[in-house]
Number of protein chains: 2
Amino acid sequence: MNNKEKLRKAGLRPTKQRMIIADILLDGINRHFTAENLQNEINSSGNSMSIATIYNCLKKFRNCGLIKQVESSKDTAIFDTNINQHHHFLDEETGKLIDIENDEVNLHKLPKIPQGYLNNGVEVLIKIKKQI
Amino acid sequence: MNNKEKLRKAGLRPTKQRMIIADILLDGINRHFTAENLQNEINSSGNSMSIATIYNCLKKFRNCGLIKQVESSKDTAIFDTNINQHHHFLDEETGKLIDIENDEVNLHKLPKIPQGYLNNGVEVLIKIKKQI
DNA sequence: TTTTACTTTAAAATCGTTCTAAACTACTTG
DNA sequence: CAAGTAGTTTAGAACGATTTTAAAGTAAAA
């Protein structure tokens, strides 16, 4: 399925700007990035786009499940092209994230989900720091 | 150990402002809060403090391990008085966090920590959503 | 004491992100 | 295809959380 079809399937109009972003993000390679990172990539691909459009687009893509947003207390939002359930190592010093595939973690015993709620995804974060 | 001693032990001068905050936060009760939440509590305790001082103090307290900061992609930083290793339920709609004690989760099989790094804490986040 | 280093403060600045409202474009319906 | 309409993009302004500034204040050391 090409990117135009992916966008349509997600209920998004395949505009010129969304196609540029889809071509960068939906190439099957897993990466973590910020809005600013993406703008730089757009620029180096010879295109350009308002930062407002980039934010709009990232929000739409995320809400449609084309990308994920990482839970992180950094000051900048971090997005992830890996949309499968998976986990992360986090180097708190540098903010660097490394993917952990789902099958590398085995969670026995989970707590009971609070009354009236449904489980909507489990994320394991392993904080790491450089050895000295 | 009283709060003055706790601050000294953490390497922090027990100033008037830090004592006011310590008296609110270090009462043994686990809670999640923002800088603004704390300012409101300071105000209702009959005191007042510059917001810059509150941020300074929260950063110092966190760096000394007197409180923790929660990994969260909300726009406001969320702090936690529970400094033991523990986990969270997160309602992504509302941002509400609920503690999960460490012994309610059992992680068999963890991935190998990347070369040159040390494990610095594991956090499990269970995203939940309201049943409809 | 006197000195020195650290802390607090109000106000300004910064930075990521969202809003505004006007121009533009994709899609729908006739 | 033509015309309408609903959704999209944009630059720039606005916003809100947090940090910086620099001057005044305070705790601890000498």
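Residue numbers begin at 1 in each chain, while the letters A, B, ... track the order of the sequences. Values below: every heavy atom of this structure, side chains too, minus hydrogens, waters and symmetry copies.
- Where the helix from C:dT1-D:dA30 to C:dG30-D:dC1 starts and where it ends, the local axes point in directions that differ by 30°; five pairs per end, rounded to 10°.
- For A:R31, the side-chain hydrogen bond (donor to acceptor under 3.5 Å, both in side chains) criterion is met by A:E41, not counting sequence neighbours.
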Practice item. Produce a footprint string for nucleotides 12-26 of chain C: one letter per nucleotide, 5' end first; B if the base is under 4.0 Å from any protein heavy atom, S if only the sugar-phosphate is, - if neither. Key: ----SSBB------B
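- Using a 4.5 Å heavy-atom threshold, the side chains of A:E101 and A:N82 count as touching.
- Counting heavy-atom neighbours within 6.0 Å of A:K6 NZ, excluding the residue itself, gives a total above 12.
- Distance CD (B:Q17) to C1' (C:dT9): 9 Å, rounded to an integer number of Å.
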Which side-chain N or O atoms in residues 7-24 of chain A pair as donor and acceptor under 3.5 Å with protein atoms at least two apart or in another chain?
unit_1, atom_1, unit_2, atom_2, d
A:T15, OG1, A:R18, N, 3.2
A:R18, NH1, A:R13, O, 3.1
A:D23, OD1, A:N3, ND2, 2.7

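- Partners of A:Q85 under the side chain to side chain contact (heavy atoms under 4.5 Å, CB included) rule, at least two apart in sequence or in another chain, are A:H87, A:N102, A:V122.
- A:K74 comes within 4.0 angstrom of nothing in the nucleic acid, heavy atoms only.
- A 4.0 Å heavy-atom criterion places the boundary nucleotides of DNA chain D facing chain B at D:dA17 to D:dA28, written 5' to 3'.
- Side-chain N or O atoms of A:K130 include none that pairs as donor or acceptor with a backbone N or O of A:D91 at under 3.5 Å.
- Here the side chain of B:N37 pairs a donor or acceptor atom with the backbone of B:T34 at under 3.5 angstrom.
- Between A:P111 and B:V105 there is a side-chain heavy-atom pair separated by less than 4.5 Å.
- No more than 12 heavy-atom neighbours from other residues, nucleotides or ligands sit within 6.0 angstrom of CD on B:E93.
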Exercise for review: Show your reasoning for whether side-chain hydrogen bond (donor to acceptor under 3.5 Å, both in side chains) applies to B:H86 and B:N30.
Suggested key: CA-CA 11 Å; B:H86 67 288; B:N30 294 338; over 6 Å; no
